[in-house]
Amino acid sequence: MGIRGVLPRQASFPTELQRILRTQSHMSFEALGLAPDILRALADAGYSQPTPIQAQAIPVVLSGRDVMAAAQTGTGKTASFTLPMLQTMLPHANTSTSPARHPVRALILAPTRELAAQVQENVQAYSKYVALRSTVVFGGMSIDPQIAELRKGVEILVATPGRLLDHLQNKSVNLSQVEFLVLDEADRMLDMGFMPDIRRILSHLPTKRRTLLFSATFPEEIKKLCRDFLNNPQTIEVARQNTTAETVTQLAYRVANEQKRRVLVDIVRADPTSQVLVFTNTKIGANKLVRDLERAGISATAIHSDKTQQARIQALDDFKADKVKVMVATDIAARGLDIDELPCVVNFDLPYNAEDYVHRIGRTGRAGASGKAISLVSPEEKRLLTDIEKFIKRELPLESPPLSEVGMESGRQRTRETRKESEEARVESRAALFPPVQPPVTRSITRKREIPALLLPPRQAVGNNGD
Ligand code: AMP
């Protein structure tokens with residue numbers, strides 16, 4: 001399977017999304033009035049038409065209005081703010097070496113290092129034929145190379161809030177000429193305790209600017225942020241739930257805790273050609289699971305916030321390059337990961353927060369590709385499953401996992417003969433998991449736009465990721 005960086009190949013352009021585009025938009029990037037140099041970059045990326053959020057947001061941003069958009073990662077939202085930003089800043093494009101000719105004109109704030117890096121990759125791809133510079137700053141890495149880069153001058157700055165505050169304190173960046181502010185995944189920044197940082201950052205920006213806020217949900221605090229910092233914003237909503245509903249098959253397996261590892265091994269072995277993203281609730285659990293999978297002969301890596309930035313990038317790169325079969329992730333680290341054509345996500349633990357379920361399974365079936373999300377539900381986790389069902393307004397009936405004869409325990413001492421039997425069992429279990437003719441059972445996820453504060457316990461502030 002092709003796991004790639006950020007930009008999809010034309011061939012992988014999702015047929016489902018194409019169908020939505022055909023029925024909903026009839027719009028082309030040319031019709032949105034984008035400049036030839038931007039259109040050329042989009043053609044290189046293999047984009048033939050705007051996604052719904054792009055078709056809606058680009059004209060609004062070009063018209064100069066603020067935007068409050070209910071859209072998640074996976075909808076094409078990065079291009080929906082980057083493209084009109086580039087278009088508007090084109091008159092400032094220049095190849096001068098003088099830093100003074102390259103003030104920060106656009107600031108994009110993102111909650112996690114991974115998301116910030118991904119947004120920057122996108123910005124670079126879309127601006128490859130335009131003489132506007134961009135860079136990304138986030139914590140967990142030496143600040144000195146970032147200072148050097150900022151000193152050279154950069155028009156588009158992508159940042160996590162904590163590290164940007166360090167730069168502001170250092171006076172290594174000046175935000176007084178910012179024309180565009182993007183708050184990406186605002187609800188996640190709220191969850192992670194970044195609101196005070198964001199308010200401090202905003203005090204460094206000119207009040208006359210365009211502000212674009214993207215959030216999957218709009219709890220009261222986000223609405224207040226919009227009232228305080230957005231000027232008569234246009235509200236835009238895209239129904240990601242429709243895309244997910246039609247493309248992600250959701251399964252819930254009834255599995256005792258002590259059986260989970262074995263079932264996971266079966267799931268992973270069921271399709272030798274595809275990779276699996278596995279979620280655990282704890283970093284320790286993630287590390288332990290990687291060790292267990294490796295003992296069962298399955299290559300695996302972990303990504304979580306206790307790892308150094310370098311180790312996280314390495315883990316993601318290895319996974320994207322197909323060097324490892326399984327990546328085990330915790331929620332914070334995996335937020336916003338853009339991994340194309342990921343066919344299978346497994347919830348090894350059910351998330352404590354029902355909303356995270358939607359984010360987790362959003363890692364598969366991205367941009368309309370088909371995917372499978374399997375949750376391993378122990379008796380103790382039934383209550384969490386009920387919370388999820390309430391949140392997504394769907395039932396996820398518990399099924400028995402198709403257990404093969406191949407257990408993790410027996411993996412090491414298998415004789416040639418039993419290995420052959422195992423192979424057969426694997427084929428059977430694969431057939432059970434990925435039935436070739438049966439049409440996929442799709443269950444729609446109806447995403448709640450607003451989560452009543454009482455239903456969702458406030459998540460613990462996580463300070464070590466966007467620092
Ligand atoms: P985002 O929601 O910005 O993270 O984008 C999700 C994925 O969709 C990324 O892999 C983008 O490269 C891809 N994408 C964005 N816009 C388009 C488009 N118009 N056509 C095809 N793919 C797109």
Side-chain angles (χ1 to χ4, degrees), residues 1-22 24-32 34 38-59 61 67 69-86 108 110-112 114-128 136 158 182-188 212 214-216 236-244 247-248 316 320 334-342 358-359 362-369 371 447:
M1 100 183 183
I3 290 210
R4 50 103 186 108
V6 172
L7 304 173
R9 297 174 302 276
Q10 179 64 40
S12 74
F13 189 82
T15 49
E16 185 51 35
L17 189 55
Q18 272 175 337
R19 191 187 64 72
I20 292 169
L21 289 169
R22 269 201 300 277
Q24 291 190 351
S25 109
H26 301 293
M27 175 90 63
S28 68
F29 282 114
E30 285 80 358
L32 290 169
L34 298 174
I38 300 176
L39 293 174
R40 195 145 62 99
L42 295 176
D44 287 359
Y47 298 2
S48 52
Q49 31 188 348
T51 66
I53 183 81
Q54 290 159 7
Q56 288 184 62
I58 292 172
V61 181
V67 166
Q72 292 177 323
T73 299
T75 53
K77 70 179 166 59
T78 314
S80 80
F81 59 75
T82 306
L83 300 179
M85 246 165 46
L86 291 172
I108 303 166
T112 63
E114 284 77 11
L115 182 63
Q118 240 160 236
V119 168
Q120 154 70 351
E121 261 186 70
N122 273 288
V123 170
Q124 255 173 359
Y126 304 146
S127 62
K128 68 199 253 201
V136 61
V158 188
V182 178
L183 298 169
D184 200 4
E185 301 207 348
D187 53 349
R188 179 53 63 135
L212 319 172
F214 290 78
S215 198
I236 295 174
E237 278 190 52
V238 290
R240 176 178 164 78
Q241 66 269 29
N242 294 340
T243 340
T244 310
T247 56
V248 180
L316 188 58
K320 284 183 171 181
R335 175 77 176 196
L337 290 183
D338 180 24
I339 302 165
D340 189 32
E341 298 172 38
L342 189 57
V358 177
H359 291 304
R363 306 301 99 203
T364 183
R366 294 184 72 103
R447 182 131 171 72

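Whatever order the structure lists them in is the order used to number ligands and atoms, beginning at 1. Since this is a predicted model, take the numbers as computed values, not measurements.
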Subject >> Atom indices of ligand 1, in the order listed, that fall short of 4.0 Å to a heavy atom of Thr51 >> reply: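 Those atoms are 16 (N), 17 (C), 18 (C), 19 (N).
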
Original post:
For ligand 1, which atoms, with element, lie under 4.0 Å from some heavy atom of Thr78?
Top reply: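 Listed by number with element, the hits are 1 (P), 3 (O), 4 (O).
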
**OP:** For Lys77 and Ala71, work out which heavy atoms get closest and say how close.
**Re:**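 It is CD-O, 3.7 Å.
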
**OP:** Check the pair Asn122 / Thr82 against side chain to side chain contact (heavy atoms under 4.5 Å, CB included), numbers first and verdict last.
**Re:** CA-CA 8 Å; Asn122 273 288; Thr82 306; 5.6 Å; no

Is there at least one pair of N or O atoms, one from [X] and one from ligand 1, spaced under 3.5 Å apart?
X      : result
Pro50  : no
Tyr126 : no
Tyr47  : yes

**OP:** Check Gln49 against ligand 1 and report side chain, backbone, both or neither, counting heavy atoms closer than 4.0 Å.
**Re:**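 Under 4.0 Å from ligand 1, Gln49 contributes backbone atoms alone.
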
Original post:
Which one holds for Phe29 and ligand 1: side chain close, backbone close, both close, or neither close, with close meaning a heavy atom under 4.0 Å?
Top reply: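 The part of Phe29 near ligand 1 is the side chain, not the backbone.
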
Original post:
Can you list the residues that meet the side chain to side chain contact (heavy atoms under 4.5 Å, CB included) rule with Ala69, with sequence neighbours excluded?
Top reply: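 So Ala69 forms a side chain to side chain contact (heavy atoms under 4.5 Å, CB included) with Ile53, Val67, Phe214, Ile236.
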
**OP:** Show your reasoning for whether side chain to side chain contact (heavy atoms under 4.5 Å, CB included) applies to Leu83 and Tyr126.
**Re:** CA-CA 7 Å; Leu83 300 179; Tyr126 304 146; 3.9 Å; yes

Original post:
Between Gln118 and Thr78, does a side chain to side chain contact (heavy atoms under 4.5 Å, CB included) hold up when you go through it step by step?
Top reply: CA-CA 9 Å; Gln118 240 160 236; Thr78 314; over 6 Å; no

**OP:** Would you mind reporting whether Val119 and Val182 have side-chain heavy atoms less than 4.5 Å apart?
**Re:**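 The answer is no; the side chains never approach within 4.5 Å.
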
